[in-house]
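To start, the structure itself, in structure tokens.
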Amino acid sequence: MTGSNPTLWLTLQAHDAQKLIDYYVETFGFVLAARYGEGRDVDHAQLNWPEGEGGFMLGSHKPGTECEREPGTAGAYVVTADPAGLYGRVVGRGADIVRPLAETSYGSTEFIARDP
């Protein structure tokens, strides 16, 4: 499936996200595909693996936000053609919903669930 867009992304948060970006680009050869934020504050960044599928998203650790995770832990961003169907299944299984299904300002339909 080389050439298709990944549908599962590892997500990370870092105390110094720019330093982590530089490390993965310079050391492993990841390609910086997107970076949003001012100065060393990274709201969102996407690093792609240059040999095909795969990559990850990361940003600065921001305590007190709904997406907060302690640096050193990971999350996953799952892409699906049926977000409402997935949301219904997740809710039906009793998942801890952090943010309900909603349209975002950037045109995505998303929700956040915390694993047990």
Side-chain angles (χ1 to χ4, degrees):
M1 294 188 68
T2 301
S4 65
N5 290 325
T7 55
L8 178 66
W9 293 86
L10 174 68
T11 62
L12 305 172
Q13 292 185 8
H15 291 296
D16 188 339
Q18 185 57 57
K19 186 174 181 178
L20 190 59
I21 290 168
D22 294 343
Y23 174 78
Y24 279 112
V25 169
E26 294 165 10
T27 305
F28 289 95
F30 279 88
V31 176
L32 180 62
R35 185 202 185 281
Y36 303 95
E38 298 296 323
R40 297 199 69 80
D41 186 35
V42 178
D43 296 327
H44 170 81
Q46 177 181 324
L47 286 95
N48 294 342
W49 183 241
E51 295 181 23
E53 291 185 32
F56 61 95
M57 297 185 285
L58 68 111
S60 297
H61 180 245
K62 295 180 180 166
T65 63
E66 63 187 5
C67 297
E68 177 191 359
R69 285 185 322 278
E70 203 49 45
T73 64
Y77 185 90
V78 180
V79 179
T80 178
D82 184 15
L86 178 59
Y87 182 72
R89 185 169 70 234
V90 168
V91 168
R93 298 279 301 172
D96 178 12
I97 302 299
V98 176
R99 185 176 69 204
L101 184 70
E103 295 286 325
T104 67
S105 61
Y106 46 89
S108 183
T109 303
E110 302 177 352
F111 67 92
I112 297 174
R114 184 175 291 118
D115 66 20

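In this text the structure is predicted, and so the values were computed from the model without any measurement. Basis for what follows: all heavy atoms, side chains included, without hydrogens, waters or symmetry-related copies.
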| request: Enter the distance from His15:NE2 to Leu20:CG here, rounded to the nearest 0.5 Å. | output: 11.5 Å
| field | Path from Leu32 to Leu10 over hydrophobic side-chain contacts below 4.5 Å | value | yes
| said: Taking atom NZ as the centre, does Lys62 end up with more than 12 heavy-atom neighbours from other residues, nucleotides or ligands that are less than 6.0 angstrom away? | reply: yes
| field | Co-membership, hydrophobic cluster, residues Val31 and Val25, 4.5 Å side-chain | value | no
| said: Checking side-chain contact (heavy atoms from CB on, under 4.5 Å) between Tyr87 and each of Leu101, Asp82, Thr109, which is the one that passes? | reply: Leu101
| remark: What one should report as the nearest heavy-atom pair of Ala95 and Ala113 is CB-CB, 4.4 Å
| message | Once rounded to the nearest 0.5 Å, what's the spacing between atom CD of Gln13 and atom CD of Glu70? | response | 8.5 Å
| request: Please tell me if the side chains of Phe56 and Trp49 come closer than 4.5 Å, counting only heavy atoms from C-beta onward. | output: no
| query | Are any of the side-chain heavy atoms of Phe30 and Ile21 separated by less than 4.5 Å? | reply | no
| query | Quick one: does Ser60's side chain have a donor or acceptor within less than 3.5 Å of a partner on Val42's backbone? | reply | yes
| task | Any chance you could measure Arg35, atom CZ, to Gln18, atom CD, to the nearest 0.5 Å? | result | 4.5 Å
| task | For atom CZ of Arg114, decide whether the heavy atoms of other residues, nucleotides or ligands shown that lie under 6.0 angstrom number more than 12. | result | no
| Do Met57 and Tyr24 share a hydrophobic cluster (ILVMFWY, side-chain heavy atoms under 4.5 Å, transitive)? | no
| Are side-chain N/O atoms of Gln46 and Asn48 paired as donor and acceptor at under 3.5 Å? | yes
| said: Less than 4.5 Å apart, side chain to side chain, heavy atoms only: is that true for Ile97 and Val90? | reply: yes
| query | Between Thr11 and Gly75, is there a donor-acceptor pair closer than 3.5 Å when you use the side chain of the first and the backbone of the second? | reply | yes
| request: Check whether Tyr106 and Phe111 end up in the same hydrophobic cluster, where Ile, Leu, Val, Met, Phe, Trp and Tyr are linked by side-chain heavy atoms less than 4.5 Å apart. | output: no
